[in-house]
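Worksheet: one structure, shown below.
Model, not experiment: these values are computed from the prediction.
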Protein chains: 2
Amino acid sequence: MPLKVRKNHSPKPPPSCPLTECMGIIGGAWTVNVIWSLRAGPRRFSELRVDIPPVSPKVLTARLRELEARGVVTREVKPTSPPSVEYALTDLGAELVPAIEAIVEVGHKLKGAPDALVANG
Amino acid sequence: MPLKVRKNHSPKPPPSCPLTECMGIIGGAWTVNVIWSLRAGPRRFSELRVDIPPVSPKVLTARLRELEARGVVTREVKPTSPPSVEYALTDLGAELVPAIEAIVEVGHKLKGAPDALVANG
DNA sequence: TATTCAGGTTTCCGCCTGGTAACCTGGGGT
DNA sequence: ACCCCAGGTTACCAGGCGGAAACCTGAATA
């Protein structure tokens, strides 16, 4: 038996790099899509699910909670029946929108074929 | 025995979303750091390793190959001895720099504590 | 002959991430 | 009495993704 050492041994080397730190957030699956979806105004949980069909409720919840904890989005429960929950970008979150716009822009121009590797002399 | 189905079954559902597609690239570990490191001019493999100490050669190679295949960086072998290899951003790659700048900007302002989650009623 | 140096490649292995599916809560409608 | 809806939560599970370490090539240098 090889003795598994838990990796939570020390509190973790600080990223100390704002780039790495921020990528730790927006790097999660569907995170940028959520922010993108919120750029035009507040949106409810189930609306986000429609905007981003492949996201599962589990992951969507996880992303929204992370973004809320980091101050990127707000969460507001409306006392309707059934209660609905609105998510919106904070000012901080709004700062990410131009970044994501640039990413989308590049996305449009990307060559889609990783197979192009083999074809070039 | 539960019958493992290979996932390469069909050529893959097209991302069809430029955002998701582009995140597929820059989402890889250290990718943004590489682009960030190249923003001020061309850089050799071992210089990048110095710029980004925690990156392993395996991963650095993988990232550079991907970025090259997608037209984000160029790779040029200089016939010195030993031969050195210079990587540089393409025009397309340069488009990502402002995006990454915005990400860095947000990174500076992020609250660092995910543990803040538990403390709230 | 051995070493160094650049720029990788290869193998192995563990973790974390994300997908799937089932379940939950509470009020309102019929 | 029952179901539905919103907005989740939970348990389980696979595999991809990245870290670590060892190895490789060819020319120049000691």
So, do [X] and [Y] sit near enough that their side-chain heavy atoms are less than 4.5 Å apart?
{"X": "Leu64(B)", "Y": "Glu68(B)", "answer": "no"}
{"X": "Leu92(B)", "Y": "Leu110(A)", "answer": "yes"}
{"X": "Leu60(B)", "Y": "Arg49(B)", "answer": "yes"}

Which whole-number value in Å describes the distance from [X] [atom1] to [N] [atom2]?
{"X": "Leu64(A)", "N": "dA6(D)", "atom1": "CG", "atom2": "C1'", "result": "14 Å"}
{"X": "Glu86(B)", "N": "dG8(C)", "atom1": "CD", "atom2": "P", "result": "12 Å"}
{"X": "Glu68(A)", "N": "dG7(D)", "atom1": "CD", "atom2": "P", "result": "14 Å"}
{"X": "Arg65(B)", "N": "dT10(C)", "atom1": "CZ", "atom2": "P", "result": "11 Å"}
{"X": "Arg75(A)", "N": "dA6(D)", "atom1": "CZ", "atom2": "P", "result": "16 Å"}
{"X": "Asp51(A)", "N": "dG7(D)", "atom1": "CG", "atom2": "P", "result": "13 Å"}
{"X": "Arg63(A)", "N": "dG19(C)", "atom1": "CZ", "atom2": "P", "result": "9 Å"}
{"X": "Leu60(A)", "N": "dT17(C)", "atom1": "CG", "atom2": "P", "result": "17 Å"}

OP1 or OP2 of dT17(C) versus the side-chain N and O atoms of Trp30(A): is any pair under 4.0 Å?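 No, because none of the side-chain N or O atoms of Trp30(A) sits under 4.0 Å from OP1 or OP2 of dT17(C).
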OP1 or OP2 of dG8(D) sitting under 4.0 Å from any side-chain N/O of Tyr87(A)?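 Checking Tyr87(A) against dG8(D): at least one side-chain N or O falls below 4.0 Å of OP1 or OP2.
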Please give me every residue in residues 32-50 of chain A whose heavy atoms get under 4.0 Å of an atom in DNA chain C, ordered by residue number.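 Output list: empty, so none.
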If the sugar-phosphate is the primed atoms plus P, OP1 and OP2 and the base is the rest, what is the B/S/- string for nucleotides 20-30 of chain C, using protein heavy atoms under 4.0 Å? B-----BSS--
Can you list the residues that meet the side chain to side chain contact (heavy atoms under 4.5 Å, CB included) rule with [X], with sequence neighbours excluded?
{"X": "Ala88(A)", "result": "Pro42(A), Thr74(A)"}
{"X": "Val59(B)", "result": "Trp30(B), Val55(B), Ser56(B), Arg63(B)"}
{"X": "Thr61(B)", "result": "Phe45(B), Arg65(B)"}

Residue pairs, two or more places apart or on separate chains, that pass side-chain hydrogen bond (donor to acceptor under 3.5 Å, both in side chains) and touch residues 85-97 of chain A: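 Sorted result for residues 85-97 of chain A: Arg75(A)-Tyr87(A), Glu95(A)-Lys109(B).
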side-chain hydrogen bond (donor to acceptor under 3.5 Å, both in side chains) against Ser37(A), all qualifying residues, sequence neighbours excluded: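 Scan of Ser37(A) (side-chain hydrogen bond (donor to acceptor under 3.5 Å, both in side chains), adjacent residues dropped) gives Asp51(A).
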From the list dG18(D), dG7(D), dG8(C), which nucleotide is the closest neighbour of the side chain of Thr61(B)?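 Given the options dG18(D), dG7(D), dG8(C), the side chain of Thr61(B) is closest to dG8(C).
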Looking at Ser81(B) and Pro83(B), would you say the former's side chain and the latter's main chain have a donor-acceptor pair under 3.5 Å?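 No.
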